[in-house]
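Only one structure is covered here, and it is reproduced in the block below.
Note that these values count all heavy atoms, side chains included, but never hydrogens, waters or copies made by symmetry.
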Amino acid sequence: DIQMTQSPSSLSAYVGDRVTITCRASQSISSYLNWYQQKPGKAPKLLIYAASSLESGVPARFSGSGSGTDFTLTISSLQPEDFATYYCQQSYSTPLFTFGPGTKVDIK
Amino acid sequence: QVTLKESGPVLVKPTETLTLTCTVSGFSLTNVRMSVSWIRQPPGKALEWLAHIFSNDEKSYSTSLKSRLTISKDTSKSQVVLTMTNMDPVDTATYYCARMDILSGKYSLWGQGTRVTVSS
């Protein structure tokens with residue numbers, strides 16, 4: 001099975017900061033990588049799919065990059081509503097899918 | 001309106017079998033471009049993918065939980081059902097169903113989740 005790791009596991013940042021989260025796959029997954037945002041008590045929300053495509057309705061301050069085994073999610077200017085936990089998910093090894101362990105972003 | 005909604009028991013006892021239902025609306029479970037997964041999240045922990053079913057009824061399961069899981073669908077009722085046998089307190093979690101868009105592999109639509117507690 002493909003394993004996903006994320007770093008850091010948590011971070012503290014100020015409003016307005018540029019934030020970068022990394023996701024790594026245990027083997028190459030091409031660009032089959034998606035990013036989700038989850039707030040407490042809510043279902044995850046899709047932000048980025050296919051490594052770098054912005055889901056409709058998601059603010060442009062979110063961006064994704066990478067291919068193969070290494071991927072990043074960047075928030076260009078952190079907003080108060082962005083404090084949440086972020087998960088990556090691979091869909092390369094269909095029909096087996098895997099989520100990363102998550103990165104919690106909170107207020108500094 | 002396109003939605004998914006989970007339903008099932010709030011409380012189950014250890015060793016019992018859990019049955020959860022995901023009722024979908026606004027799309028068909030026969031649509032070849034879409035499929036449905038079950039995903040769970042223990043309190044304070046990460047998302048864990050459990051099982052998946054495609055429009056052609058192909059199924060897949062988490063390697064670690066495969067022996068305990070069964071996923072099925074009833075297209076006439078627009079429902080996807082997950083059963084998990086031999087429940088344990090560590091299975092306490094919020095269980096989500098989510099729709100996957102096949103071409104992109106993205107979960108574009110999620111249910112609200114249903115909280116299940118395993119306790120005697």
For [X] versus [Y], what's the shortest heavy-atom pair and its separation?
X	Y	result
B/Tyr61	A/Leu96	O-CD2, 3.3 Å
A/Leu46	B/Ser108	CD2-CA, 4.2 Å
A/Asn34	B/Gly105	ND2-O, 2.9 Å
A/Ala43	B/Gly111	CB-O, 3.3 Å

### Query
chain B contacts: which residues in residues 65-91 of chain A have a non-hydrogen atom closer than 4.5 Å to it?
A/Tyr87, A/Gln89, A/Ser91
### Summary
Under a 4.5 Å heavy-atom criterion, the part of residues 15-27 of chain A in contact with chain B comprises none
Quick one: what part of [X] sits under 4.5 Å from any heavy atom of chain B, side chain, backbone, both or neither?
X	result
A/Lys42	backbone
A/Tyr36	side chain
A/Pro40	neither

### Summary
For B/Tyr107, the side-chain hydrogen bond (donor to acceptor under 3.5 Å, both in side chains) test, sequence neighbours excluded, returns B/Ser37, B/Trp49
### Task
Evaluate the side-chain contact (heavy atoms from CB on, under 4.5 Å) criterion for residues B/Phe54 and A/Thr94: first the C-alpha distance (whole Å), next the side-chain angles of each, then the deciding distance (0.1 Å), finally the verdict.
CA-CA 11 Å; B/Phe54 294 86; A/Thr94 184; 3.8 Å; yes
### Task
Quick one: which of A/Gly100, A/Ser53, A/Gly41, A/Pro44 has the most heavy-atom pairs under 4.5 Å with chain B, could you say?
A/Pro44
#### Entry: Co-members of the apolar cluster containing B/Val90 [side chain, <4.5 Å]
none
### Side-chain heavy atoms of B/His52 within contact of A/Phe97, under 4.5 Å
yes
